[in-house]
Amino acid sequence: MSGAAREPREAVFGPGERVAVLVPAPLDGPLDYRVPEGMVLAPGAIVEVGLGRRGVIGAVWGPGTAAMADDRVKPVRRVLEVPPLGAPLRRFVARAAEYTLTPPGQMLQLALRVPDLANPPQGRIVYRLAPAGLPPGLRVTEARQRALDTLAGAPEGLTAAAIAETAGASPAVLRAMVAAGALSAAREHRETPYPALFGQAAGQHLSGPQEAAASTLRAAVASGGFATLLIRGVTGSGKTEVYLEAVAEAIAQGRQALVLVPEVALTPAFLARVEARFGARPAAWHHGVGQAERRRLWMATAAGEVPLVVGARSALFLPFRRLGLIVVDEEHDGSYKQEDGVLYHARDMAVLRAAEEGALAVLASATPSLESWANAEAGKYRRIDLPERFGPAAMPEIRLVDLRGDAPPRDAWLSERLALAIDRRIAAGEQALLFLNRRGYAPLTLCRNCGHRFACPDCDVAMVTHRLRGRLVCHQCGRTAPLPRACPACGRDDRLSECGPGVERIAEEAARRFPGARLSVLSSDHVTGPQEMRARLEEIAEGRVDLIVGTQIVAKGHNFPRLTLVGVVDADLGLHGGDLRAAERTFQLISQVAGRAGRAEKPGTALIQTANPDHPVMRAILSGEAEAFWAAEAEARLAAGAPPYGRMAGVILSGPQEGPVWEVARALGRGRGMLERAGIELYGPAPAPLARLRGRFRVRLLAKAPKGAPLQAALKAWRAQVKVPGAVRLTIDIDPQSFL
DNA sequence: AGCACGCCGACT
DNA sequence: GTCGGCGTGCTC
């Protein structure tokens, strides 16, 4: 058994000694506390201490310092009866805090977010046969006999409710027998264990390339040390089956595995797939999991009893004891970036945690993020390619439709070529999908008389007409307004013009162009919740739909088994605008959508409408040869001062007025010498503010640090040089780039 | 993050 | 004359 490397035995702290305790406050480091009489603390112990005038839960971080006078050092109040945090988890918290420029105490909170950690539930009363046997002279009635028989078959004990159900013996019967000494009653809060997974059993049949990849992964897990592996597997290549073999190996080694999935993908369908491989459902961790289950799972991971957790990004902070494998599925997915509160990127933190645990990190995607690709190129990650589809489904044929030569008619957005292809598929009884990554009916409304443009008053972006909701909607901040009947500037009511398409408008065009086709529109406006989504997907899977019209919710996770044609209405949509990742994101999104075609027995086709067929993104999508694209994109980023390696931090200033925001930005820019002395380059402030958002002006600066530079300390000193007025907020955004 | 302390407007 | 606004500042 090659578990995590044995940690050297750690010192414990006894009465009179000082310990450093990391508390949930945005401090630079832990605070000193005194160990009171009768208490012994090990590093990682979870304790309650006084902070200000309140009590907080923190973790023992190490020996205290001598810096503070004795009379100011408070005692540790109590130790919680939960397992201490292991050394690898503590190192992970410290490094993650350092890396994401987050105070370590706040990072620790992510690992301590368990319901009722401080106040363990009372538990339940469990009855057992008395160890001494039946007392002589016990009157054994029928009900008593039934209870005794039932308990004889349950050495681990049963609750009163369970006995009542199976033996038909009331609590009164049990109480009387406890009083007579025939039974013992004990309060216990033992949680129901998670089922074992039978990972050792052979999985389903794997194709040649799959088996080769799987054996590489198994060997990497078995070797028992840290490494990062990037699996690039095209849609349908069966990379899930491959990494589940790595999970099996970890379980066989007696270690735990964690599979991270993007928020949207944590579906019962995915859990069922895992169940099919392992014979039992894995533990699931996501926002929807309730309090009792969260507590149960936290305790069980800390005890090393859960073989596999499938979870959203926050599962990274569970207190695994023997973690041997972390898989990040769809590693390019944007939802791995935590945007509010503590900022972190789960893909990078997964690599970090694996490094501390001596585990294997597996990043899986058909379209890896640029930084993962660059890390693989640089030799930091091993890379495995799964170039083929598994099973009968061939790769879809991808074709570009040049909109300059095949322009759709006025007020229509489907080219003749795409429309005819859909006609053919529907006539053949097959299913087609039209993809447009824009919600609503029309993205822009203009007055043709005076030129007035309907914009969000808070955000400087056009408001999108949503006919379904009957409102104008700002896609930036969510603000809505009634649909206009006349121009508010010139009063004319006959010159308003809705420009461009959203999915609603494409659905309207499709209904006109393909009369009789059964349409299903999938967008967050049309699908109200997960239960409706399930019903809609079922309807599609059963072939009760001919044509799907959808936004990017069709790109993620869900499988469309009957789909043979994908039409991308406007592939150029995401290419414009100042986002450094525009090309990368477009490539990923279009590739994912195109890959939905032809998972059925019949070969699939993707027709991609673009006005820029020579754009590197389109060429890469067309050829499926992404290598050149990634290399070119890495070059472009390098030229733009944001290479896909090294550490980046975005410094965002925002405020209700433009002037003060700019003053602070310029003052910070003038103080860049302090950063440069630490080897950190500062880019910006950019000549124009980013778009106004929610009524606030925003300016962004970018700091880039070489490996090993003290980014956190330098940024702190740098920002302390400039006084920031109360109206201006300064936030540091991580734009993490994998670094290991 | 909390929760203090600390100085300026509308209220019993 | 107080209650209360949220602007700085500290927490072993």
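So you know, we letter chains A, B, ... as the sequences are listed, proteins then strands, and number each from 1. The figures here come from the full heavy-atom set of this structure, side chains too, leaving out hydrogens, waters and symmetry mates.
When the side chain to side chain donor-acceptor pair (under 3.5 Å) test is applied to A/D70, the partners found at least two apart in sequence or on another chain are A/R18.
Spacing between atom CG of A/L51 and atom C1' of C/dG9 amounts to 13 Å, rounded to whole angstrom units. Between the C1' atom of C/dT11 and the CG atom of A/L108 lies a distance of 16 Å, rounded to the nearest Å. Taking atom CG of A/D71 as the reference point, atom P of C/dT11 lies 13 Å away to the nearest angstrom. Going from atom CE of A/M68 over to atom C1' of C/dT11 covers 9 Å, rounded to whole Å. Atom pair A/L31:CG and C/dC10:P shows a separation of 14 Å (rounding to whole Å applied). Distance CG (A/D32) to P (C/dT11): 13 Å, rounded to an integer number of Å.
With a 6.0 Å cutoff to the six-membered ring centre and a 45° limit on the axis angle, A/R347 does not count as a cation-pi contact of A/Y336.
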* Checking side chain to side chain donor-acceptor pair (under 3.5 Å) for the pair A/E331/A/S372: CA distance, chi angles, key distance, verdict? -> CA-CA 9 Å; A/E331 66 93 23; A/S372 293; 2.9 Å; yes

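Contacts of A/P26 with the nucleic acid, taken as non-hydrogen atoms under 4.0 Å apart, include base atoms. Within the nucleic acid shown, A/R72 comes within 4.0 Å of sugar-phosphate atoms alone, with no base atom in reach, counting heavy atoms only. Residue contacts shown for A/G50 are limited to sugar-phosphate atoms, with no base heavy atom under 4.0 Å away.
Each of A/R53 and A/A25 has a nearest nucleotide on DNA chain B; the 5'-most of these lies closest to A/A25.
Extent of DNA chain B lying under 4.0 Å from chain A heavy atoms, first and last nucleotide in 5' to 3' order, is B/dA1 to B/dA4.
For A/R692 and A/D458, the salt-bridge test fails: no basic side-chain N is under 4.0 Å from an acidic carboxylate O.
Surrounding CZ of A/R78 are more than 12 heavy atoms belonging to other residues, nucleotides or ligands, all under 6.0 Å away. Counted within 6.0 Å of CD on A/Q721, heavy atoms from surrounding residues, nucleotides or ligands total more than 12; the atom is thus considered enclosed.
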